Protein chains: 2
Amino acid sequence: MHSFTEENYLKAIYHLSEGNSVAVSTNSIAEVTNTKAASVTDMLRKLADKKLINYVKYQGVTLTGIGIKAAVNIIRKHRLWEVFLVEKLGFKWDEVHDIAEELEHINSISLIDRLDDFLGNPIADPHGDPIPDRTGNFKHKTLIKVSDMKQGQGGIISGVSEHSSIFLKHLEKLSLTLGTKIIITDVIEFDGSIILTVDETKERTISREVAKNILVIL
Amino acid sequence: MHSFTEENYLKAIYHLSEGNSVAVSTNSIAEVTNTKAASVTDMLRKLADKKLINYVKYQGVTLTGIGIKAAVNIIRKHRLWEVFLVEKLGFKWDEVHDIAEELEHINSISLIDRLDDFLGNPIADPHGDPIPDRTGNFKHKTLIKVSDMKQGQGGIISGVSEHSSIFLKHLEKLSLTLGTKIIITDVIEFDGSIILTVDETKERTISREVAKNILVIL
DNA sequence: CCAAAATTTTAGATTAACCTAAACTTATAA
DNA sequence: TTATAAGTTTAGGTTAATCTAAAATTTTGG
Ligand SMILES: [Mn+2]
Ligand SMILES: [Mn+2]
Ligand SMILES: [Mn+2]
Ligand SMILES: [Mn+2]
């Protein structure tokens, strides 16, 4: 199997390439893994030796088929554990990411498949992210950023692209949680701030920065 | 915090000293941690520096107060996860130990306390071993080995001192599971084999070796 | 009581994952 | 188009955890 560290690199590459096969740079990997570029280069050679990535010096990396499989499996575990923590243990959606970062490395196929069943085979995690099934298949819904919506448009909040506790708590305070219906009332020309109606009743103003990280289905 | 490896050494020392403060030898630690004596010596120096053990060269080790606390906490996590795996995910009692060996190293106090509540604050794990509460307190019931019982004595199976899958499956096949009532019908003089009545109905013969690893309350 | 056996420690290496500093390659913009 | 900047790799080290072989200490049985 792969080490804890190797798994974290695979996951980082997967997320940076957004599931597609966009080549990922050494520096960007160093940033998300909290390491230095030189350390990343060492690891890339190792992952390439194991046929988990396609690596050409100076040209960035993509995951191979087996690299994608491995990464998706870690993501499956991460998201299922997050569902467990929220649905069964009563954690808030902003508290579960760090614990799931540890749990995602537990190795046991039967464990995760049983957990999946125990949770009722959920299709999305507490942040709206889709959960791959046991064969690794999953569909990413096409979500659009609130910052890309026009005045008068409405939608259902279905995901977030920033998972920090501070951001999620902020959304909660504004009642901007998953499943909430919003309508864009106005877009302020000066700074791009957005005024919206929440659940057809409350009115809220959010900054462009916040709007960029809220994803909706129209 | 302590590394994965340090935690495994602490747990090993705790189990080898049977919870008391019996001094534990380098070789015995090497055996249960699957390492060599030289590696153990290195680690002992490190644990002593951290004030987790009392270590005098050539004289074996005992855990300090904080060492015991750390060890008991790992055991608490191990046993709670085993309960979760059996009660919630439907694993058999012989399948959970290895998975719990990984889960016991997940670090989050709120996680384990919530898990404890979710499970209904169980006092024993699937093998009958007592679960420390969140303050680290727990009582070890006084159990006696079936191999120490005399003809005519009866008792309730309440624990096992061998956790291997092969042994546990064997017990299951004989209906010798936790909570089962047994009565010693006969002890064979030739080899110490024991004939017993299970649940007042079935009759079983077990070897002395098996009898040594079954624990009962009289 | 003491020499041989058993146990434990030390010495010296190895491997994985990381680092800094220097060298090298690629991108960019004047 | 080429010099500088930006990005990446290499060179050379460190630390944690492991090992084998050799040296030191303790235990044991005749
Ligand atoms: Mn997460
Ligand atoms: Mn998530
Ligand atoms: Mn166990
Ligand atoms: Mn157990």
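None of these values were measured; they are calculated from a predicted model. Here is how names work: the chains are called A, B, and so on, in the same order as the sequence lines, proteins then strands, and each is numbered from 1.
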* **Nearest-angstrom distance from the residue atom CD of Glu6(A) to P of dC18(C)** => 10 Å
* **Tyr58(B) OH to dA5(C) P, straight-line distance once rounded to whole Å** => 19 Å
* For the pair made of CD1 in Ile29(A) and C1' in dT9(D), what is the distance, rounded to whole Å? -> 14 Å
* Asked: Whole-Å distance between dT8(C) P and Asp42(B) CG?
  -> 15 Å
* Structure fact -> salt bridge (Lys or Arg N to Asp or Glu O under 4.0 Å) test vs Arg76(A) passes for just one of Asp129(A), Asp125(A), Asp113(A), Asp133(A), namely Asp113(A)
* Asked: What is the distance, rounded to the nearest whole Å, between atom CG of Leu44(A) and atom C1' of dG7(D)?
  -> 13 Å
* Asked: Does a side-chain N or O from Tyr9(A) land closer than 4.0 Å to OP1 or OP2 of dA16(C), or not?
  -> no
* Does OP1 or OP2 of dT26(C) have a side-chain N or O of Gln59(A) closer than 4.0 Å? -> yes
* Can a side chain N or O of Thr41(B) be found less than 4.0 Å away from OP1 or OP2 on dT10(C)? -> no
* Under 4.0 Å: is that the gap between some side-chain N or O of Ser39(B) and OP1 or OP2 of dC19(D)? -> yes
* Value in whole Å for how far the C1' atom of dA22(C) lies from NZ of Lys36(A) -> 16 Å
* Salt bridge flag under 4.0 Å for residues Glu82(A) and Arg79(A) -> no
* Asked: Counting only N and O atoms by type, is there a donor-acceptor contact under 3.5 Å from the side chain of Lys77(B) to the main-chain atoms of Glu104(B)?
  -> yes
* Would you please say whether a donor-acceptor pair under 3.5 Å links the side chains of Asn27(A) and Ser25(A)? => no
* Asked: On the ring face of Phe118(A), is Lys88(A) found with NZ or CZ under 6.0 Å from the centre and within 45° of the axis?
  -> yes
* Asked: DNA chain C: Ala38(A) or Phe4(A), which has the more 5' nearest nucleotide?
  -> Phe4(A)
* Under 4.0 angstrom between Thr26(A) side-chain N/O and dT9(D) OP1 or OP2 -> yes
* Nearest whole angstrom, please: distance from the C1' of dC18(C) to the CE of Met43(A). => 9 Å
* To do: Please determine if a side-chain N or O atom of Asn27(A) lies less than 4.0 Å away from the OP1 or OP2 oxygen of dT8(D).
  => yes
* Would you indicate, yes or no, if dT10(D) has its OP1 or OP2 atom less than 4.0 angstrom from a side-chain nitrogen or oxygen of Arg45(A)? => yes
* **Tyr55(B) side-chain N/O to dT9(C) phosphate OP1/OP2 under 4.0 Å** => yes
